[in-house]
Amino acid sequence: MLYPVLLVVKCLTKNSSTASLLVKDGLVTTMEKIIVYIGFIPNSRLRLSLNVISNLTRCKSGCTRTVKTGLLGHLFRIFERWDRYEGKMRQKIMNNILVTFQHLCVTKIGRRSMRALDAVTLLHKFSSRCPEEKSYDHVLSRVCNIINGCLERKQLPVESVLSPATFLLPAVKIEYSSSDSSITGKHSSEHEGSPGSDDDSYEDVQQDEDDDGDDENGNEEDDDDEDNGALDEDDDEENVTRKKKIKDTTPPVPVQRELEDLIGYEHYFNEFSKYKKENSKNIMLNSPNYWDSSVQPCENIEFEHSCKERLAEKIFAETLLSQYPTIKTTINSSKSCDDDLYQEKSWQKAVVECCKSTSDINLKDIANQKITKSVSSVLSTMEAVENGVKLKSITKRSISDNSIPASGINIIAHIGRESGSRNAYATIASRVNSIIPFKKIAYPDMVGGDSLGILEPLNVKDRRVCRAKLLACVERGMNEGEVAHNVVYDLDAVLAELPPQPRSENKYRLLNLDEIHVDRKITTKTHLCFESRFESGNLRKAIQVSAREYDLILMPDVNSSRHHQWFYFEVSNMEARVPYIFNIVNCEKQNSQFNYGMKPIMYSVREALSGRPGWVRTGSDICYYKNCYQNPSSRKPRSYLTTTFTIAFKHSYDVCYIAYHYPYTYSQLMTQIWKWSHSVDAAAIFFRAESICLSLNKNETPLITLTAAESEMNSIATRDVVFLTARVHPGESNSSWVMHGTISYLLGNSDAAIRLRNKYVFKIVPMLNPEGVINGCHRCGLSNEDLNRRWSRPDPNLHPVIYHTKGLLEYCVRVLKKSPFVFCDYHGHSRRKNVFLYGCSKADSWCPTDRADPDNPHQYLLLPHLMAGSCSAFALQSCNFQVERGRESTARVTVWREFDIKKSYTMETSYCGCDQGKYEGHHVDTVRLKEVGEQFCCALSVLHDDSYWKRGVVAFGPAVLGMDSEENLGECAVEASDSDQSECSDCGEESCACV
């Protein structure tokens, strides 16, 4: 009877809440007696018992009872006899015991007990005798992790885990309700300008919970017996909170801005001036004209709207009273009390009703003229606000006036057409405001930053090398005092030596002298030289641990102690054809594509001067595994992870740049806008670039408007809007390359590009997080928040770019009455291959209200199917259309829910490469990334043309979408995978935490 009972108990203990209750009822003591009764003979009862114990130790109380009952000693004695077991039973027994050890290592009492039993010696002995078969790789990986957990906790060799790059935030306090916290992933509601505040975003919490099941040694398959080593909390308060969240099935209430506030975005839609005139008959009080060009307007938009509204009411009222004296009688007759507020509202209502009823347009024009002149003169004396909508002193522009295509972007002002791209880049980069003073310009960015364009195969992992790396890491942890530590680069020390200076625009011109330094040996140094003080650079410290091996420590995001993934640094003073080992020792993600074929990239200045400029994939012996350094910023006790790779440089004394992915800097974007503005055919293309706001550190945020030039046969006012955004996560540089491809294609002369320009007006915000990009961050900006979790309620002071980008969308929908036909936010994905889309389906929403409404699958399924037919790297099976509660504040879901844009997407592109299609087994590069942007345009160009895909021109037909004979969509299965929703990008969307 014991075996069936154990089966039932195993099923019960899989649930953490049930397991916690069983622990309180004394099940751990019972299991100790069962283990004594069964003995050490390997059989199914022993395996089941060990599985139950591993489930029970997922909670803290289970770990405590396991230690106090003496059960831990029995487990060690069973593990000591591992070599006496055979076959699959050996691995299952060992795996269950090791999972239990992992759980115990998370608790103080567990670590003390394991040290007392000399667990490190026992496990180290096993690691040296572990069988060489591949099936034991995950066992060895788990043993090494347990050894690192049992050792004394080691901190990173830095003064503080907080970033040395700090920024004083505005003194703003935001109050989030409990429902907001569950939606946004925010656990701290205060933002008091503290540079040390370090809140976790939802996607990173999800990642912590989901990723630990992945084996660091490269086993992507899930094992039913594996567990992630993280403890479940078993306190009643958390269970109550969890139940409360489950009961809360109401979607968040959208926060709409006042119409008077939205009017500030009117000049970003000048091309729709004719359309706006036709739709402005009854919004007179909400429709200001352009400012008098002779008067400098106020930049305090909130005060401006308040003043303007009051002046509008007063001046227009005087005009109406002079022409319509009956209004005063109407108001007096409706007044039933002396309440000032009531009188004000009654007056406003009467005025508006009069506006609706009157056809005297001249009267309205007179009032508007008075309002404009009066408000301009009053507001010109007011103090400006940094992040308000900047209504510069501009005159009305004709929608056909393309003579100043880049107006409103000061950073590219006064750079002549005759300036070369290098000179333009240097000028722009010197005008950028950064947190850490830059020393130079990175050579690859200055010359364009493209890859060589040659398809490069994915790395083939050598499991024997990874085993050796794991064992070497354990040896270093156990013999830390014997390892040499020669600090060769320390950004903290460099910054400490700099005199304090105000953060302002650079007073000197940044240069790059790499071409001069190539082939020159630094005779005073016998080690590699490192540098990262350039735009998007990220390297905090380099420590030489042997003659040709270096431990590298990355910078966290500004004002943070977390988000270590993006790296970009310079290396020089090397010898040719000598292997150098680089260990990046403070990575945080629990798994990485470095375990599944991805290589870092390298740019050689020597190769560029020889006529072969471009980034290439590089490195051998690439592994990703846990190390002995503890991550104090994690909510649960966790270790950092190491990315290790070996490079043999081709040339001696070269200057090389090494990066996580192909960099795309803020200055690169501005240089491209400068190039596009001088190369566009103004007779055929309407192209305008302007700044929508200043970022927190006073860098401009560009908005690009792109469509066909105005014509009598095809008025701009009749065209639909397509809204595109990218780079909300600064480490996702691949999204910028995809956006680059999209914009370049739209400016081209292909038939599809012409159709797109004739059909749509493209509003593009190519860089939503310029501060993060400039300062080499991976996930956040200066506020230490994931900006893709702030779309529901962005703060104009802390999240100005998100606030004003959402304002542009809201203006389209509520004022212009032109809901965007498609919205797409470009992202990068670090844990998946290929290209895929995330959309929104009511049928797959967490909210019962959404599921109750009828769904139209073709609204969100058609574009992914078109992409599958046009994009070689696109994986339709990876697309996901779920709407999860934790993603409610992402761009994709917020735009879908608040503005009712059915075709709202996140497009994810892998950092790594493809495992299907034309590019299967190969890395992506800048050529392929730009190609994705072009192919997105191709799919978009036929999205409105039903006859195109109905004729079967693309790789699918109406039947795939469930289109019946009456052209209605029936039941359609949503293409959704069991995605790991913790990393991304909407991510993090998805899996990213992005979706």
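A quick note: this is a predicted structure, and the numbers were derived from the prediction, not measured.
For Arg928, the salt bridge (Lys or Arg N to Asp or Glu O under 4.0 Å) criterion is met by Asp925, not counting sequence neighbours. With sequence neighbours excluded, no residue forms a salt bridge (Lys or Arg N to Asp or Glu O under 4.0 Å) with Asp445.
Using a 3.5 Å distance cut-off with no hydrogens or angles, the side chains of Thr906 and Asp825 do not pair a donor with an acceptor. No donor-acceptor contact under 3.5 angstrom links the side chains of Arg688 and Ser677, judged on distance only. Under the 3.5 Å distance criterion, with hydrogens and angles disregarded, no donor-acceptor pair is assigned to the side chains of Arg793 and Tyr803. Between the side chains of Ser792 and Ser889, not a single donor N or O lies within less than 3.5 Å of an accepting N or O.
No donor-acceptor pair under 3.5 Å is formed between the side chain of Asn559 and the backbone N or O of Ser783. For Thr926 (side chain) and Ser451 (main-chain N/O), a donor-acceptor pair under 3.5 Å exists by modelled atom type. Without hydrogens or angle criteria, Thr742 side chain to Gly933 main chain gives a donor-acceptor distance under 3.5 Å. Looking at Asn769, its side chain never comes within 3.5 Å of a backbone N or O of Pro730 through a donor-acceptor pair. Although no hydrogens or angles enter the test, the distance criterion places a donor-acceptor pair under 3.5 Å between the side chain of Glu535 and the main chain of Ser667.
Between Pro444 and Tyr603, the shortest heavy-atom contact is CG-CG, 3.6 Å. Arg509 and Thr427 get closest at one heavy-atom pair: NH1-OG1, 3.0 Å. Across all non-hydrogen atoms, the minimal contact from Leu929 to His661 is CD1-NE2, 3.7 Å. Among all heavy-atom pairs drawn from Tyr664 and His740, the shortest one is OH-ND1, 2.9 Å. Here the closest heavy-atom approach between residue Ile441 and residue Asn512 is recorded as O-ND2, 2.5 Å.
By the neighbour-count criterion of 12 heavy atoms within 6.0 Å, atom NZ of Lys675 is densely surrounded, having more than that number from other residues, nucleotides or ligands.
Taking the centre of each ring, Tyr811 and Tyr268 stay at or above the 6.0 Å mark. Taking the six-membered ring where the residue is Trp, the centroids of His778 and His729 are separated by 6.0 Å or more. Taking the six-membered ring wherever Trp is involved, the centroid distance between the rings of Tyr826 and Phe936 falls below 6.0 Å. Between Phe723 and Tyr760, a ring centre-to-centre spacing not shorter than 6.0 Å is recorded. The aromatic ring centres of Tyr660 and Phe567 sit less than 6.0 Å apart.
Using a cut-off of 4.0 Å between Lys/Arg side-chain N and Asp/Glu carboxylate O, Lys439 and Glu531 are scored as salt-bridged. Under 4.0 Å is where a charged nitrogen must lie from a carboxylate oxygen, and between Arg562 and Asp557 no such pair does.
Considering only heavy atoms from C-beta on, Tyr666 stays 4.5 Å or farther from Arg727 through its side chain. Side-chain atoms of Leu746 and Cys937, non-hydrogen and from C-beta on, do get closer than 4.5 Å to each other. Inter-residue side-chain proximity for Ser736 and Leu669 is flagged as unmet; no heavy-atom pair is nearer than 4.5 Å.
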message: Arg757 vs Leu706, test: side chain to side chain contact (heavy atoms under 4.5 Å, CB included). Steps then yes/no.
response: CA-CA 7 Å; Arg757 293 197 300 266; Leu706 199 160; 3.9 Å; yes
task: Assess whether side chain to side chain contact (heavy atoms under 4.5 Å, CB included) is satisfied between Val447 and Tyr425, documenting all intermediate values.
output: CA-CA 9 Å; Val447 299; Tyr425 185 92; over 6 Å; no
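By the 6.0 Å and 45° rule, Arg719 does not stack over the aromatic ring of Phe762.
For residues 762-772, the set of pairs meeting the salt bridge (Lys or Arg N to Asp or Glu O under 4.0 Å) definition, not counting sequence neighbours, comprises Glu271-Lys763.
The structure places CH2 of Trp676 at 6.5 Å from CZ of Phe687, a figure rounded to the nearest 0.5 Å.
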